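Working notes for the structure below.
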Amino acid sequence: MTETLAPLSAAVRPVFDTVVARNAHEPEFHQAVHEVLASIVPVLEEHPTFVEAGIVERLVEPERQIIFRVPWTDDNGDLHVNRGMRVQFSSVLGPYKGGLRFHPSVNLSIIKFLGFEQIFKNALTGQGIGGGKGGSDFDPHGRSDAEVMRFCQAFMDELYRHLGEHTDVPAGDIGVGAREVGYLFGQYRKITNRHESGMFTGKGVQWGGAEVRTEATGYGAVFFAEEMLGTAGRDIAGMRMGVSGSGNVAIYAIAKAHQLGAIPVTASDSTGYVVDDHGIDVDLLRQVKEVDRARISAYAAARPSARFVEGARPWEVPVDIAVPSATQNELDEDDARALIAGGVRAVSEGANMPCTPAAVSAFQKAGVLFGPGKAANAGGVATSALEMSQNAARQRWSFGDSEARLREIMQNVHAAAYSAAERYGSPGDYVVGANCAGFERVAHAMLAQGVI
Ligand code: NDP
Ligand code: 2IT
């Protein structure tokens, strides 16, 4: 990916060259750093003290990286060894905060790109949370509950010593949902003999979890689309929405689209996608993916209005709004061109970095409203911060109050990105806006706290 990235201004190029040299073979990390560096040049020009204090040079180097062995046995008694990791990127605004991903593709490049994004996303939420990410190359697909439990316990056997409500607070991400969070939290509690609610978010609502955390990322991504469209004088109601993925983010993006009167017509997984012109049935999708843990084709098999398209991505279906909610680089330039030809008006990234740089550029050149993940999917981690507040105060807020807070936070994230884009000379460019607004908050705090 690195060789296709556009040249950077001389102000930030040396930092990028060092990142590439020091982190060879980490293309996703290079991609994420490149996007931020390309955006923040006007902030550096306006704040020479940021340059003098080496803010950027320090930010691209994680505060700490932990890599560890995770040995576990499957149901046949056979031994497996996976790799676990946690990258604690920045704690300048609060404890490290970010999810854990269990997927066979997980490597240091992916965890570093996610951790780096998380710093600015978390800053944008306005909550006191730093940035981090972790995970393992373990694949939960096809594993029994008992195997997943043993893996989670083995993973926590090492990770626990690096966590804590004031230190580092994980949550879910790909492959880490309610089941995994339960096993991970349980093992932490057993090892430490502490029911420390605030050390993990996304917990079950009966044991310290917050209302709306499950729904927050998908809901938030749709709220962000609604905000972008509203700014352009358009109403989300009646619009056709294309969604990729069929996990936590996708399911609740689809649910919120229905509630706002939009028509979500696609969902996908790594085997292909389904299209349903009557609107994706959320209950059926949840049954297929969350209860049966089946492939997406089972949705089409159970729904006469739906059709399964094997081995393809949903971007060939014409829609007004696209909410990519599966994984990084899942929507490339050709996909963007297909969406543009189909009349797409807005893209709100539910996933982290799902659109390639060339796809982002194609959308922006075509005048499509483009909400980057670090703004559009910030509702998940923002609601995690609300969960941490509730845990600290031993309170539990209602669903209605929590959703109202989420909506307000998404409006604030949108406003912060929108106004920073104007201030820094790129009106309407939410990529520049989100990066500049997030970076400013982090940089001011780093400046105040000295060279550490
Ligand atoms: P889930 O594990 O719940 O769902 C992931 C979905 O994406 C599944 O349908 C999965 O299909 C699909 N998918 C994953 N990897 C690939 C791949 N390589 N190719 C095609 N499809 C793939 O994860 P989430 O919904 O939690 O996360 C989705 C995205 O949203 C990720 O980018 C994550 O980082 C981001 N995100 C998540 C947040 C959260 O709160 N959960 C918060 C902010 C961002 P299959 O089962 O076939 O692999
Ligand atoms: O990418 C993300 O923001 C998440 N996976 C959620 C992180 C969190 O701590 O809630």
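Remember, it's a predicted structure, so these values are computed and weren't measured experimentally.
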Let me have the donor-acceptor pairs involving side chains of residues 179-190, under 3.5 Å, with sequence neighbours excluded, atom names and distances please.
| residue | atom | partner | partner atom | Å |
| --- | --- | --- | --- | --- |
| Arg179 | NH1 | Asp145 | OD1 | 2.7 |
| Glu180 | OE1 | Gly177 | N | 2.9 |
| Gln187 | NE2 | Asp157 | OD1 | 2.8 |
| Tyr188 | OH | Glu196 | OE1 | 2.6 |

Donor-acceptor pairs are to be reported for all side-chain atoms of residues 441-452 against protein atoms at under 3.5 Å, with residues two or more places apart or in another chain.
| residue | atom | partner | partner atom | Å |
| --- | --- | --- | --- | --- |
| Arg441 | NH1 | Ala123 | O | 2.9 |
| Arg441 | NH1 | Leu124 | O | 3.1 |
| Gln449 | NE2 | Val92 | O | 3.1 |

Tabulate below the donor-acceptor pairs under 3.5 Å that side-chain atoms of residues 241-259 make, not counting sequence neighbours, or state none.
| residue | atom | partner | partner atom | Å |
| --- | --- | --- | --- | --- |
| Ser244 | OG | Ser325 | N | 2.9 |
| Ser244 | OG | Glu330 | OE1 | 2.7 |
| Ser244 | OG | Glu330 | OE2 | 3.2 |
| Ser246 | OG | Ser268 | O | 2.9 |
| Asn248 | ND2 | Thr214 | O | 2.9 |
| Tyr252 | OH | Arg286 | NH1 | 3.4 |
| Tyr252 | OH | Arg286 | NH2 | 3.4 |
| Lys256 | NZ | Gln259 | OE1 | 2.5 |
| Lys256 | NZ | Glu403 | OE2 | 2.6 |
| His258 | NE2 | Ile280 | O | 2.6 |

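The closest side-chain heavy-atom distance from Val309 to Glu316 is below 4.5 Å. The closest side-chain heavy-atom distance from Phe439 to Ile55 is below 4.5 Å. Looking at heavy atoms from C-beta onward, Leu386 lies in side-chain contact with Arg405 at the 4.5 angstrom threshold. Contact check for Glu165 versus Met388: no side-chain heavy atoms found under the 4.5 Å cut-off. The shortest distance between side-chain heavy atoms of Asp292 and Gln287 falls below 4.5 Å. With a 4.5 Å cut-off on side-chain heavy atoms, Phe89 and Phe116 count as touching. Using a 4.5 Å heavy-atom cutoff, the side chains of Arg396 and Glu211 are in contact. Residues Met199 and Thr192 form no side-chain contact, since every pair of their non-hydrogen atoms from C-beta on lies 4.5 Å or further apart.
Not one N or O on the side chain of Ser39 forms a donor-acceptor pair closer than 3.5 Å with the backbone of Cys436. Judged by distance alone, with hydrogens and angles left aside, the side-chain atoms of Glu227 form no donor-acceptor pair with the main-chain N or O of Met410 at under 3.5 Å. Asp335 places no side-chain N or O within donor-acceptor distance of the main-chain N or O of Ala359, the cut-off being under 3.5 Å. Looking at Glu349, its side chain does come within 3.5 Å of a backbone N or O of Gly373 through a donor-acceptor pair.
Shown are Lys97, Lys203, Arg213; of these, the salt bridge (Lys or Arg N to Asp or Glu O under 4.0 Å) with Glu387 is made only by Lys203. Among Gln65, Arg86, Met85, the single residue meeting the side-chain contact (heavy atoms from CB on, under 4.5 Å) criterion with Ile111 is Met85.
Residues satisfying the side chain to side chain donor-acceptor pair (under 3.5 Å) test with Asp139, not counting sequence neighbours, are His141. Residues meeting the side chain to side chain donor-acceptor pair (under 3.5 Å) test with His47, sequence neighbours left out: none. Residues meeting the side-chain contact (heavy atoms from CB on, under 4.5 Å) test with Ser398, sequence neighbours left out: Asp401. Checked against salt bridge (charged side-chain N to carboxylate O under 4.0 Å, His left out), Lys121 has no partners two or more places apart in sequence or in another chain. Partners of Asp269 under the salt bridge (charged side-chain N to carboxylate O under 4.0 Å, His left out) rule, at least two apart in sequence or in another chain, are Lys289, Arg295. With sequence neighbours left out, the side chain to side chain donor-acceptor pair (under 3.5 Å) criterion links Asp137 to Asn82. Among residues two or more places apart in sequence or in another chain, the side chain to side chain donor-acceptor pair (under 3.5 Å) test is passed with Asp235 by none. Partners of Glu226 by salt bridge (charged side-chain N to carboxylate O under 4.0 Å, His left out), not counting sequence neighbours, listed by chain and number: Arg407. Shown here are the salt bridge (charged side-chain N to carboxylate O under 4.0 Å, His left out) partners of Lys133, two or more places apart in sequence or in another chain: Asp173.
Asp277 CG to Thr266 OG1: the interatomic distance, rounded to the nearest 0.5 Å, is 10.5 Å. Here the CG atom belonging to Asp168 is positioned 4.5 Å from the CD atom belonging to Gln88, to the nearest 0.5 angstrom. Rounding to the nearest 0.5 Å gives a distance of 14.5 Å between OH of Tyr430 and CG of Asn435. Summarising the geometry, atom CD1 belonging to Ile191 is positioned 7.5 Å from atom CE belonging to Met156; distances are rounded to the nearest 0.5 Å. Once rounded to the nearest 0.5 Å, the distance linking OG1 of Thr383 with CH2 of Trp397 reads 9.5 Å. Atom OH of residue Tyr219 and atom CG of residue Leu260 lie 9.5 Å apart, to the nearest 0.5 angstrom.
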Starting from the C-alpha separation in whole Å, work towards a yes-or-no answer on side-chain contact (heavy atoms from CB on, under 4.5 Å) for Gln153 and Trp72.
-> CA-CA 9 Å; Gln153 291 173 341; Trp72 58 282; over 6 Å; no

Yes or no on side-chain contact (heavy atoms from CB on, under 4.5 Å) for Leu93 and Ile119, after CA distance, side-chain angles and deciding distance?
-> CA-CA 9 Å; Leu93 292 179; Ile119 304 171; over 6 Å; no

Please assess Phe102 against Phe151 for the test ring-ring contact (aromatic ring centres under 6.0 Å, His included), listing each intermediate value before the final yes or no.
-> CA-CA 10 Å; Phe102 292 169; Phe151 174 80; 5.1 Å; yes

After noting the C-alpha distance and the side-chain angles of Val56 and Leu59, does the key distance pass the side-chain contact (heavy atoms from CB on, under 4.5 Å) rule?
-> CA-CA 5 Å; Val56 181; Leu59 255 182; 5.5 Å; no

Tell me, with the steps shown, if Glu440 and Arg423 meet salt bridge (Lys or Arg N to Asp or Glu O under 4.0 Å).
-> CA-CA 12 Å; Glu440 267 183 332; Arg423 216 161 4 105; 3.0 Å; yes

Apply side chain to side chain donor-acceptor pair (under 3.5 Å) to the pair Gln127 and Asn122, showing each step before the final yes or no.
-> CA-CA 7 Å; Gln127 316 265 343; Asn122 294 5; over 6 Å; no

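Side-chain atoms of Asn352 and Glu117 form no donor-acceptor pair, as typed in the model, at a separation below 3.5 Å. In summary, the side chains of Tyr96 and Glu63 do present a donor paired with an acceptor at a separation below 3.5 Å, with no hydrogens or angles considered. Residues Asp332 and Thr356 bring no donor and acceptor atom of their side chains to less than 3.5 Å of each other.
The minimum heavy-atom distance between Ala421 and Asp429, with the atom names listed, is CB-O, 3.3 Å.
A salt bridge links Arg161 to Glu158: at least one charged side-chain nitrogen sits closer than 4.0 Å to a carboxylate oxygen. The pair Lys374-Glu35 counts as a salt bridge, with a side-chain nitrogen and a carboxylate oxygen less than 4.0 angstrom apart.
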